[in-house]
Number of protein chains: 2
Amino acid sequence: MKKPPKPSALEDHLGFWLRYVSNHVSQSFGAKMAGQGISIAEWALLRVLYDSNAVAPSEAAARLGLTRGAVSKLTDKLVAKSFITRKTGEKDRRYQVLSLSSAGRQLVLRLAALADENDAAFFGHLKPAQRAALKKIMQDMVSRFGLAEIPTE
Amino acid sequence: MKKPPKPSALEDHLGFWLRYVSNHVSQSFGAKMAGQGISIAEWALLRVLYDSNAVAPSEAAARLGLTRGAVSKLTDKLVAKSFITRKTGEKDRRYQVLSLSSAGRQLVLRLAALADENDAAFFGHLKPAQRAALKKIMQDMVSRFGLAEIPTE
DNA sequence: TATTGTTATACTCTATAACTATA
DNA sequence: TATAGTTATAGAGTATAACAATA
């Protein structure tokens, strides 16, 4: 009697476990952001603008790995919520200048605190050495494989 | 002069790095599946059916953390591709019985091999002890936080 | 009534590519 | 022509909830 081949199970893969945990961490984070009326993609854009205020949409798109169209829509939403402003460039009127409003700047501080909180809730129980090792492995992989796109999902 | 507060950066969070890597691993895997004409969600359903052939859609939905509606559509697609069959239950005609066709069974073997390949490509460079530690940490988190939904994305 | 599976509808997120205005 | 931003369209994936068949 021939026994059926036994293909690997989902749980045999490290990628499965990584995704499992990562999905939950992100969902939890997404829920915290949603509680503030902000999507994760919006958060990423806000965070970019906090670091270098006055960024053109095309530049933001490049940094976030999104299309200009996607950034255009994110911008619409954030402008509608008064967290950012959008002005036409002075020298070259094709460009726009995106900047955080002061409400936007405050929001980023609040969201960053939530991000810290979320990370602590999931990883706080690990020993510092474990956290460091985990981070190092992930960062190594990013450079080893030349992984490009930043997670915006 | 008051200096602006410095909120944590995206890269300060372990969750960010986990997602960064996980996204790439999954995208790569998804591309391999797509090469076989199968989505990741379809793959997950196929894999469930391989383990216990003759599963009701509602049961599959429960195992995968999807709605019955979602499973209904996945089933449509897989039946159309002749990888699974769908019969009405004999005892209780409300239930259906989903089973792999022999083509489906072969497909699962092929896909599982691709999954192995994908995992090896990303994690093969790690030392066995590192892989084990990584897996352990992830599994610990799953049980520690009672994370329920299996990743189907 | 309760449950299974189906389906109509909607929503979110994103991409592609055509379009407008500016250069 | 070339580039920035916009927008029309589409597609993937999923949920909600109403529905038909069956129990």
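Just so it is clear, the values below take in all heavy atoms, side chains as well, and ignore hydrogens, waters and symmetry mates. Every chain is numbered from 1 and lettered A, B, ... according to where its sequence line falls, protein lines coming before strand lines.
- If you take NZ of A/K77 and P of C/dC11, they are 13 Å apart, rounded to a whole angstrom.
- Side-chain contact check for B/R63 and B/S52: at least one donor-acceptor pair (N or O, by modelled atom type) lies under 3.5 Å.
- If you take CD of A/E59 and C1' of D/dT3, they are 15 Å apart, rounded to a whole angstrom.
- The backbone N or O of A/Q139 sits nowhere less than 3.5 Å from a side-chain atom of A/R144 that would complete a donor-acceptor pair.
- As rounded to whole Å, 11 Å separates atom P of D/dA15 from atom CG of B/L64.
- The residue A/T67 sits close to a base: some heavy atom pair falls under 4.0 Å.
- In this model, a donor atom of one side chain and an acceptor atom of the other lie less than 3.5 Å apart for B/R19 and A/S22.
- Each of C/dT14, D/dA4, C/dG5 was ranked by its minimum atom distance to the side chain of A/L66; first place goes to C/dT14.
- Ring pair A/W17/A/Y20 is parallel by interplanar angle, where below 30° counts as parallel and above 60° as perpendicular.
- Atom CD1 in A/I84 sits roughly 12 Å away from atom P in D/dG5 (whole-Å rounding).
- What separates CG of B/L45 from P of D/dT14 is a distance of 11 Å, to the nearest Å.
- Contact record, B/A56 with B/Y95: CB-CD2, 3.8 Å, taken as the closest heavy-atom pair.
- When distances run from any side-chain atom of A/A41 to the nucleotides D/dA15, D/dA4, C/dT14, the shortest one goes to C/dT14.
- Proximity of B/R68 to the phosphate of D/dA18: no side-chain N or O atom is located under 4.0 Å from OP1 or OP2.
- In this structure, the NZ atom of B/K87 is 14 Å from the P atom of C/dG5, given to the nearest Å.
- A donor-acceptor contact under 3.5 angstrom links the side chains of B/D116 and A/H13, judged on distance only.
- For B/S72 and C/dG5, the shortest distance from a side-chain N or O to OP1 or OP2 is not below 4.0 Å.
- DNA chain C lies under 4.0 Å from at least one heavy atom of each of the following residues of residues 90-97 of chain B: B/R94, B/Y95, B/Q96.
- The residue B/S39 sits close only to the backbone: its heavy atoms come under 4.0 Å of sugar-phosphate atoms, none of a base.
- As a whole-Å value, the separation of B/Q27 CD from C/dT14 C1' is 12 Å.
- Closest heavy-atom contact between B/P5 and A/Y50: O-OH, 2.6 Å.
- Rounded to whole Å, the distance from CG on B/L74 to P on C/dT7 is 14 Å.
- Here A/G89 lies out of heavy-atom contact (under 4.0 Å) with every strand.
- In this structure, of D/dG5, C/dA8, D/dT9, it is D/dT9 that holds the atom nearest to the side chain of A/K73.
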